[in-house]
Enquirer: 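I am attaching a structure below and will ask some questions about it afterwards.
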Amino acid sequence: MARLLAFVLNAHEYLQFSKGLSTDDEPDLRQKSLTDDIELWIDVGMPDEKRIRKASSRADKVIIYSYGGRNTVWWNQLQNKLERFNNVTVINLPKAETDQLARLVKRTMQLQISIQDGQIWIGDDQQTAHIVPETWLAP
């Protein structure tokens, strides 16, 4: 669901899911130009510094969507190291809010998504999750 949310927040006709879950060399989502350059590299989770450095050198722009209960520990360890990258953005998806997304998962899903003033509402016909992403690092 966090990957789906990242896709929605960066919607573009060239944005696509990659083999990111099964391949270490690829992002979770990527947007390539017509010349096959990586314009946008999106990782969801808590990548290590080596992966972020590689992403930063291969893509014009890198966005990391961190989530889960331990992401503040991850951020405290990497914050100073990531500030040197001028093309990396780190966005936190608060745990309590992403836990709401888990309740929306069903075998077949039809979701409605609204984005306004930095807030996101994702819902189905029975319930809605409200998410307010926190920008931890911006270029």
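The figures here come from the full heavy-atom set of this structure, side chains too, leaving out hydrogens, waters and symmetry mates. No experiment lies behind these values; they were computed from the predicted model shown.
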Enquirer: Where do Val62 and Ala59 come nearest, in terms of heavy atoms and distance?
Expert: CG2-CB, 4.3 Å
Enquirer: Can you list everything that forms a side-chain hydrogen bond (donor to acceptor under 3.5 Å, both in side chains) with Ser57? Sequence neighbours excluded, please.
Expert: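 None.
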Enquirer: Measure the shortest side-chain to side-chain distance between Ile120 and Pro133 over non-hydrogen atoms and say whether it is less than 4.5 angstrom.
Expert: yes
Enquirer: Can you run down the ring pair (Phe, Tyr, Trp, His ring centres under 6.0 Å) pairs that involve residues 31-74, sequence neighbours left out, and say none if there aren't any?
Expert: none
Enquirer: Quick one, Arg30 and Leu15 - any side-chain contact, counting heavy atoms below 4.5 Å?
Expert: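 Arg30 vs Leu15: side chains apart.
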Enquirer: Consider only side-chain heavy atoms of I, L, V, M, F, W and Y, link residues closer than 4.5 Å, and tell whether Leu101 and Val105 are in one cluster.
Expert: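 Same cluster.
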Enquirer: Are any non-hydrogen side-chain atoms of Ile64 and Ile52 less than 4.5 angstrom apart?
Expert: yes
Enquirer: The criterion is ring-ring contact (aromatic ring centres under 6.0 Å, His included); which residues satisfy it with Phe7, sequence neighbours excluded?
Expert: Phe17
Enquirer: Just verifying a value: how many Å separate Ile38 CD1 and Asp36 CG, rounded to the nearest 0.5 Å?
Expert: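 Output value for this atom pair is 8.0 Å.
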Enquirer: Applying side chain to side chain donor-acceptor pair (under 3.5 Å) as the test, list every pair that has at least one member in residues 102-118; sequence neighbours left out.
Expert: Lys106-Asp124
Enquirer: CG of Leu82 to CZ of Arg53: how many Å apart, nearest 0.5 Å?
Expert: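 Those atoms lie 10.0 Å apart.
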Enquirer: Starting at CG of Asn92, measure out to CD of Glu97 and round the result to the nearest 0.5 Å.
Expert: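 If I round to the nearest 0.5 Å, the distance is 9.0 Å.
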Enquirer: Given side-chain contact (heavy atoms from CB on, under 4.5 Å), test Leu111 with Met1 step by step and report yes or no.
Expert: CA-CA 11 Å; Leu111 302 173; Met1 289 299 283; 3.9 Å; yes
Enquirer: Indicate yes or no: at least one non-hydrogen side-chain atom of Leu137 is less than 4.5 angstrom from one of Thr89.
Expert: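 No, every pair of side-chain atoms sits at 4.5 Å or beyond.
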Enquirer: So, do Ile122 and Leu4 sit near enough that their side-chain heavy atoms are less than 4.5 Å apart?
Expert: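 No, their side chains stay 4.5 Å or more apart.
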Enquirer: Side chains of Leu104 and Gln127: does their closest heavy-atom pair fall under 4.5 Å?
Expert: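 Side chain of Leu104 against side chain of Gln127, heavy atoms only: contact under 4.5 Å found.
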Enquirer: The criterion is side-chain hydrogen bond (donor to acceptor under 3.5 Å, both in side chains); which residues satisfy it with Asp125, sequence neighbours excluded?
Expert: none
Enquirer: Looking at Asp37 and Ser33, would you say the former's side chain and the latter's main chain have a donor-acceptor pair under 3.5 Å?
Expert: no
Enquirer: What pairs with Lys95 under side-chain contact (heavy atoms from CB on, under 4.5 Å), at least two apart in sequence or on another chain?
Expert: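 Counting only residues at least two positions away or on another chain, Lys95 forms a side-chain contact (heavy atoms from CB on, under 4.5 Å) with Asp99.
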Enquirer: Report the residues that fulfil side-chain hydrogen bond (donor to acceptor under 3.5 Å, both in side chains) with Lys54, sequence neighbours left out, ordered by chain and then residue number.
Expert: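 Scan of Lys54 (side-chain hydrogen bond (donor to acceptor under 3.5 Å, both in side chains), adjacent residues dropped) gives Asp25.
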Enquirer: So do Leu9 and Ile115 actually touch side chain to side chain, heavy atoms under 4.5 Å?
Expert: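 They are in contact (side-chain heavy atoms under 4.5 Å apart), so the answer is yes.
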Enquirer: If a pair satisfies ring pair (Phe, Tyr, Trp, His ring centres under 6.0 Å) and one of its residues is in residues 115-139, list it, with sequence neighbours excluded.
Expert: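 Counting only pairs at least two positions apart or across chains, the ring pair (Phe, Tyr, Trp, His ring centres under 6.0 Å) contacts touching residues 115-139 are Trp75-Trp136, Trp121-His130.
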Enquirer: Is there a donor-acceptor pair under 3.5 Å between the side chain of Asp28 and the backbone N or O of Val44?
Expert: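 Confirmed, Asp28 side chain pairs with Val44 backbone.
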Enquirer: For Pro27 versus Asp43, what's the shortest heavy-atom pair and its separation?
Expert: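 What the structure gives for the nearest pair is CA-OD1, 3.6 Å.
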Enquirer: Closer than 4.0 angstrom, basic N to acidic O: yes or no for Glu26 and Arg51?
Expert: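 Salt bridge: no.
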Enquirer: What residues, two or more places apart in sequence or in another chain, satisfy side-chain contact (heavy atoms from CB on, under 4.5 Å) together with Asp60?
Expert: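 Scan of Asp60 (side-chain contact (heavy atoms from CB on, under 4.5 Å), adjacent residues dropped) gives Glu39.
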Enquirer: Any heavy-atom pair between the side chains of Leu29 and Ile63 that's under 4.5 Å?
Expert: no
Enquirer: Hydrophobic clusters join Ile, Leu, Val, Met, Phe, Trp and Tyr when side-chain heavy atoms are under 4.5 Å apart, directly or via other members; which others share one with Val132?
Expert: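 In the cluster with Val132 there is nothing else; it is isolated.
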Enquirer: With rounding to the nearest 0.5 angstrom, report the CG to CG distance, Asn87 to Leu40.
Expert: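 One finds 10.5 Å between CG of Asn87 and CG of Leu40.
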Enquirer: Which distance, rounded to the nearest 0.5 Å, do you find between the CD of Glu134 and the OG of Ser66?
Expert: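 Atom-to-atom, Glu134:CD and Ser66:OG are 8.5 Å apart.
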Enquirer: What's the spacing between Lys32 NZ and Ser18 OG if we round to 0.5 Å?
Expert: 9.0 Å
Enquirer: Can you list everything that forms a side-chain hydrogen bond (donor to acceptor under 3.5 Å, both in side chains) with Gln16? Sequence neighbours excluded, please.
Expert: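 side-chain hydrogen bond (donor to acceptor under 3.5 Å, both in side chains) list for Gln16, sorted by chain: empty.
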